[in-house]
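I have placed the structure first, in the form of structure tokens, so that the comments after it can refer back to it.
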Amino acid sequence: MNNYTKEDIMKLVEEEDVEFIRLQFTDIFGSLKNMAVTASQLEKALEGRFMFDGSAIEGFASIEDSDLYLKPDPNTLEIFPWRPQQGKVARLICDIVRPDGTPFEGDSRYILKRALREAAEMGYLFQVGPECEFFLFHLDDDARPTTISHEQAGYFDVSPLDLGENARRDIVLTLEEMGFVVESSHHEASPAQHEVDFEAAEALTTADNIQTFKLTVKTIAKRHGLYATFMPKPRAGINGSGMHINMALLKNGKNIFQDSSDENGLSREAYYFIGGLLKHIRAITAVTNPLINSYKRLVPGYDAPTYIAWSRASRSPLIRVPSPRGEETRIELRSPDPAANPYLALAVCLRAGLDGIRNQIEPPKSVDCDIFAMTEDERKLMGIQRLPETLPDAVAELEKDEYIRETLGEHAANKYIDEKKEEWDRYRCQVTDWEINEYLYRF
């Protein structure tokens, strides 16, 4: 992590011939926004004196209370390697503050920071490693995105089957040029689907990195004449894209999820963290799976979890504890998808886990077999419930869970819930091609 001062940034921008600085932030629904300023305005930007209309950002502020300011985080300075080398473009990720300098309660980065402070007060540092999946599709003759791909590659396939290999290579090289430590990249199970995994880091850095990663992937894909999408399920009949979240808590630099004396190599805190996640997962799902389309991925038969359970081995349950132990012990939540706002997703996961630790919530027995191969009666006997099956189901669970709503804060929770209800209302008024094909000639 960088540790820049204001003077460091001013000097670096001058030495590197940076002409434009993008002041970036993320709205409540996970979309990246920015205001561009020239290098001559950098000092003003670093002092947090750039204002914008919060009422113009979906889910932010009302028109009567809309003056908000961008407060750059100096440690997030990054020069974009894909822009011209003369008159370079850099970015700073910003927090959102009110005119009096207090944090804006609808800023998702602030919501994560608030959860991280709570963890720090308990002596914990939250470390997260994401597994980000995406599709690379063709553009049409007017450069508009399609869901068309000519390739038929599958899991771990190579060129010439993997037609996106060169684009993925350039994505990885660009990320490394920007300071990412990319652990691996490969073709995923579905045609045109790819995954890039980067090194785990403290949660705020990881959330920032996910947003930077998405921007980088889309930018480099466009240079290859392709369109990158993080839509969870862009095509029927194939696996959708997930964003598995690998989590660990550190205390005094040591991974507290490990315990060599336990038969599973897990500490009591690890079990309680899992218990907290399982307790709140139905409400969490509204945040980690935020789109109507998200629930087209969470169906049986497509390698995505649909049942609320955890396992020491099997990949079919919702939560898995991968085999590495010791300092590499981690808890993997497999339901999130890449459309999620990473700041909110990590905030609700962390606080659910902290609730588990604080109240010593024991998880149910580990399910170490293929949960999809079990009968409904077998699952019922073991008390295994399903994840919410639609967006309104998940939103209803969020409304009922006071603790997760409190994590988001009243402002963000209300804005989020209201918008997701409106999204569902817009969707249920549509008549789809499936309905026409299924019903038009029969009735």
Side-chain angles (χ1 to χ4, degrees), residues 1-27 31-54 56-57 60 66-104 106-114 116-117 120 125 173-182 198-199 201-220 342-343:
M1 182 177 174
N2 300 320
N3 192 21
Y4 291 134
T5 64
K6 173 184 170 183
E7 291 71 26
D8 291 335
I9 292 177
M10 298 287 289
K11 183 179 179 183
L12 200 152
V13 164
E14 183 178 1
E15 289 176 349
E16 292 290 331
D17 187 29
V18 173
E19 186 59 41
F20 290 95
I21 299 94
R22 292 185 180 182
L23 307 178
Q24 296 183 336
F25 64 98
T26 299
D27 73 15
S31 295
L32 192 63
K33 307 288 186 180
N34 80 213
M35 173 192 294
V37 300
T38 61
S40 65
Q41 300 300 305
L42 178 59
E43 186 170 9
K44 179 181 175 181
L46 292 171
E47 291 171 354
R49 292 193 284 127
F50 274 99
M51 186 183 73
F52 69 98
D53 177 7
I57 304 297
F60 262 31
S66 59
D67 287 350
L68 297 174
Y69 286 80
L70 297 168
K71 183 181 178 183
D73 181 341
N75 294 324
T76 63
L77 179 71
E78 190 65 61
I79 297 173
F80 291 145
W82 58 79
R83 300 297 293 169
Q85 291 305 295
Q86 287 186 328
K88 297 176 183 176
V89 178
R91 75 94 202 271
L92 287 162
I93 295 175
C94 300
D95 296 309
I96 311 299
V97 298
R98 292 192 174 278
D100 63 0
T102 58
F104 170 55
D107 177 14
S108 55
R109 199 168 189 262
Y110 164 70
I111 291 168
L112 176 55
K113 281 185 169 183
R114 189 170 58 200
L116 293 172
R117 275 200 305 271
L125 184 145
L173 291 175
T174 303
L175 289 170
E176 289 192 329
E177 193 174 344
M178 297 169 72
F180 280 67
V181 178
V182 177
F198 44 91
E199 190 176 55
E202 186 273 335
L204 184 65
T205 299
T206 293
D208 289 342
N209 284 345
I210 290 170
Q211 292 298 77
T212 302
F213 170 80
K214 289 181 180 179
L215 175 63
T216 303
V217 169
K218 285 181 172 288
T219 300
I220 303 305
Y343 301 100

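Note that this is a predicted model, so its numbers are computed, not measured.
Rounding to the nearest 0.5 angstrom, the gap separating the CZ atom in F50 from the NZ atom in K44 is 4.5 Å. Interatomic distance, CD of E78 versus OG1 of T212, reported as 7.5 Å (0.5 Å rounding). We find the CD1-CG distance between I9 and N75 to be 7.5 Å, quoted to the nearest 0.5 Å. Rounding to the nearest 0.5 Å gives a distance of 13.0 Å between CD of E7 and CG of L12. Here CG of L77 is found 9.5 Å from CD of E16. Values are rounded to the nearest 0.5 Å. Taken from CG in L175 to CG in N209, the straight-line distance is 9.0 Å, to the nearest 0.5 Å.
Aromatic ring centroids of F52 and F25 lie under 6.0 Å apart. Taking the six-membered ring for Trp and the full ring otherwise, the centers of F60 and F104 sit less than 6.0 Å from each other. No close placement of the F213 and F180 rings is indicated, their centers lying 6.0 Å or farther apart.
Side-chain N/O atoms of D8 and T5 include a donor and acceptor closer than 3.5 Å.
We find that E47 and K71 are not joined by a salt bridge, their nearest charged nitrogen and carboxylate oxygen being 4.0 Å or further apart. Between D67 and R98 there is no salt bridge, since no side-chain nitrogen of the basic residue lies less than 4.0 Å from a carboxylate oxygen of the acidic one. Taking the charged nitrogens against the carboxylate oxygens, K113 and D107 have no contact shorter than 4.0 Å, which rules out a salt bridge. Classification of D95 and R109 as a salt-bridged pair holds, one side-chain N sitting under 4.0 Å from a carboxylate O.
For the pair K88 and F80, the NZ or CZ position fails the cation-pi test of under 6.0 Å to the six-membered ring centre and within 45 degrees of the ring normal.
Nearest heavy atoms, Q85 versus D17: O-OD2, 4.2 Å. When all heavy atoms of S108 and T26 are compared, the closest pair comes out as OG-O, 3.7 Å. Considering every non-hydrogen atom in both P72 and C94, the closest pair reads CA-SG, 3.8 Å. For R91 against T76, the heavy-atom pair with the smallest separation is NE-O, 2.8 Å. Closest approach of A203 to L112, counting heavy atoms only: O-CD2, 4.0 Å. Here the closest heavy-atom approach between residue L68 and residue G54 is recorded as CD1-CA, 3.8 Å.
Counting heavy atoms from C-beta on, the side chains of V13 and I79 never come closer than 4.5 Å. Looking at Y4 and D73, their side chains never come closer than 4.5 Å, going by heavy atoms from C-beta outward. Under the 4.5 Å side-chain criterion, counting only non-hydrogen atoms from C-beta, T174 is in contact with W82. E202 is listed as a side-chain neighbour of L125, based on a closest heavy-atom distance under 4.5 Å. The shortest side-chain heavy-atom distance between M178 and P81 falls under the 4.5 Å cut-off. For the pair K214/L32, no side-chain contact is recorded, criterion being any heavy-atom separation below 4.5 Å from C-beta on. Taking 4.5 Å as the limit, some side-chain heavy atom of F20 sits within range of a side-chain heavy atom of T38.
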Given L46 and M10, is the side-chain contact (heavy atoms from CB on, under 4.5 Å) satisfied, shown in steps? CA-CA 9 Å; L46 292 171; M10 298 287 289; 3.9 Å; yes
Show, in sequence, the C-alpha distance, side-chain angles and deciding distance for I210 and Y343, and conclude whether the side-chain contact (heavy atoms from CB on, under 4.5 Å) test is met. CA-CA 9 Å; I210 290 170; Y343 301 100; over 6 Å; no
Should V89 and R22 be marked as a side-chain contact (heavy atoms from CB on, under 4.5 Å) after you check the CA-CA gap, both sets of side-chain angles, and the distance that decides it? CA-CA 7 Å; V89 178; R22 292 185 180 182; 4.0 Å; yes
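Heavy-atom neighbours of E14 CD from other residues, nucleotides or ligands within 6.0 Å: at or below the threshold of 12. Environment of NZ in K6: crowded, with over 12 heavy atoms of neighbouring residues, nucleotides or ligands closer than 6.0 Å.
Between the side chain of T205 and the backbone N or O of A201 there is no donor-acceptor pair closer than 3.5 Å.
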